[in-house]
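See structure below.
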2 protein chains.
Amino acid sequence: MPPAPEPLFTISHLARELGITPRSIRYYEERGLIAPQRTLGRQRVYGKRDRARLKLILRGRRFGYSLEEIAEMIGHTDEAVTEAEQIRQSLRFGERKLQDIRARMEELNQMEQELVAVRDRLRQRLTDIETK
Amino acid sequence: MPPAPEPLFTISHLARELGITPRSIRYYEERGLIAPQRTLGRQRVYGKRDRARLKLILRGRRFGYSLEEIAEMIGHTDEAVTEAEQIRQSLRFGERKLQDIRARMEELNQMEQELVAVRDRLRQRLTDIETK
DNA sequence: TTTAACATTAACGTTAACGTGAAGTATGTA
DNA sequence: TACATACTTCACGTTAACGTTAATGTTAAA
């Protein structure tokens with residue numbers, strides 16, 4: 001049996017799908033966040049893993065993480081130390097970020113409660129005004 | 001009985017307490033997010049409400065919300081329309097942001113799961129390597 | 001009342017994360 | 001083979017969110 005034929009994407013295809021520009025994707029590569037395969041003719045080819053990685057990056061961005069932090073979270077692709085050390089590093093960063101995420105969840109809860117409180121106060125004032 | 005003497009803060013006092021710089025606080029004011037009282041000599045004076053508002057702003061920032069979005073969330077202090085309209089507007093934005101927050105919670109969960117998955121894969125590879 | 005410790009405004013500087021071409025070349029698809 | 005895409009490199013532009021500096025005013029304490 002031949003190895004499962006992985007679905008491949010061109011840069012602009014992927015960009016459209018993710019709602020970003022090819023420029024951004026190349027920029028992420030420049031910053032060492034992804035490292036797609038290339039065709040014989042040097043064109044970038046993206047697979048499932050790359051797509052997933054990009055989604056992670058975008059999710060991170062939506063949460064205000066810098067590309068630098070995201071790199072730490074999911075692991076740089078360049079500057080290879082030994083593989084084991086690489087992995088251990090990623091693990092350490094990953095743990096930190098997990099903590100971080102859990103802390104953020106708490107904060108989101110706080111924020112939600114505060115917004116709800118603000119809302120309720122506003123509603124109260126509104127009815128006060130309208131029934132005066 | 002005199003009105004409860006509210007505790008007042010100077011800008012750098014508040015900045016220290018919140019772990020930011022006076023510059024940032026002034027900038028938030030410039031962007032219409034806060035509007036502290038002034039002394040006779042034009043120096044800024046902050047009260048409890050201001051402090052709370054700043055905390056909200058910072059929380060928002062930690063989540064990657066732009067100052068613009070935060071302003072929408074908690075209401076601009078300038079461009080006064082009628083009070084009722086103001087309030088209704090804030091309510092609308094607030095509702096949106098609540099939705100937003102709930103969506104983000106979902107995303108955080110996703111992110112956590114993915115990070116955990118990454119972690120587990122990494123751990124697996126690590127033991128693979130070490131026991132080879 | 002002087003002085004040290006803050007504050008104020010104004011303006012220019014900085015960094016991250018891209019956007020926007022330009023220019024010339026290579027690749028891939030109908 | 002035509003034509004849309006993609007590539008690289010380069011460089012300049014842009015926006016948000018402050019940092020920094022300068023020149024001056026305010027305030028609390030001694």
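Chain A is the first sequence line, chain B the second, and so forth, proteins listed ahead of strands; every chain is numbered from 1. The basis for the numbers below is simple: all heavy atoms, side chains too, and nothing from hydrogens, waters or symmetry mates.
For A:Arg23, no side-chain nitrogen or oxygen approaches OP1 or OP2 of C:dT20 to under 4.0 Å. Proximity of B:Arg31 to the phosphate of D:dT15: no side-chain N or O atom is located under 4.0 Å from OP1 or OP2. For the pair A:Thr10 and D:dT5, the criterion of a side-chain N or O lying under 4.0 Å from OP1 or OP2 is not met. Side-chain N/O atoms of B:Arg26 include one lying less than 4.0 angstrom from OP1 or OP2 on C:dT8. One finds a side-chain N or O of B:Thr21 lying less than 4.0 angstrom from the OP1 or OP2 phosphate oxygen of D:dG19. Residue A:Arg44 has a polar side-chain atom (N or O) positioned under 4.0 Å from OP1 or OP2 of D:dC7.
When rounded to the nearest whole Å, the span between CG of A:Leu8 and P of C:dT29 equals 11 Å. Put simply, CG on B:Leu14 is 15 Å from P on C:dC6, counting in whole angstrom units. Rounded to whole Å, atom C1' of C:dT27 lies 14 Å from atom CD1 of A:Ile11. Atom CD of B:Glu30 and atom C1' of D:dC18 are 10 Å apart (whole Å). As rounded to whole Å, 12 Å separates atom P of C:dC6 from atom CD of B:Gln43. A straight line from CG of B:Leu58 to C1' of D:dA17 spans 13 Å, rounded to a whole angstrom. When rounded to the nearest whole Å, the span between CG of B:Leu18 and C1' of D:dA17 equals 17 Å. Atom CD1 of A:Ile57 is separated from atom C1' of C:dA17 by 13 Å (rounded to the nearest Å).
The nucleotide whose nearest atom lies closest to any side-chain atom of A:Arg38 is, among D:dA16, D:dT27, D:dC7, D:dC7.
Cation-pi geometry between B:Arg38 and B:Tyr46 is not satisfied (NZ or CZ under 6.0 Å from the ring centre, within 45° of the ring normal). Taking the centre and axis of the six-membered ring of A:Phe9, the NZ or CZ atom of A:Arg16 falls outside the cone set by 45° and 6.0 Å.
Summary of the strand contacts: B:Thr39 and B:Ser66 both lie near DNA chain D, and taking for each the nucleotide with the nearest heavy atom, the more 5' one is attributed to B:Ser66. Toward the 5' end of DNA chain C, the nearer of the two residues A:Gly41 and A:Ser24, judged by each one's closest nucleotide, is A:Ser24. Of the two residues contacting DNA chain D, namely B:Leu40 and B:Leu67, the nearest-nucleotide position lying further toward the 5' end is that of B:Leu67.
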| query | So B:Asp120 and B:Gln124, side chain to side chain donor-acceptor pair (under 3.5 Å) or not? Walk me through it. | reply | CA-CA 6 Å; B:Asp120 292 349; B:Gln124 189 50 50; over 6 Å; no
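Within 4.0 Å (heavy atoms only), A:Tyr28 reaches sugar-phosphate atoms of the nucleic acid but no base atom.
Using a distance-only test at 3.5 Å, with no hydrogens or angles considered, no donor-acceptor pair links the side chain of A:Ser24 to the main chain of A:Ile20.
Taking CZ of B:Arg104 as the start and CG of B:Asn109 as the end, the distance is 14.0 Å to the nearest 0.5 Å.
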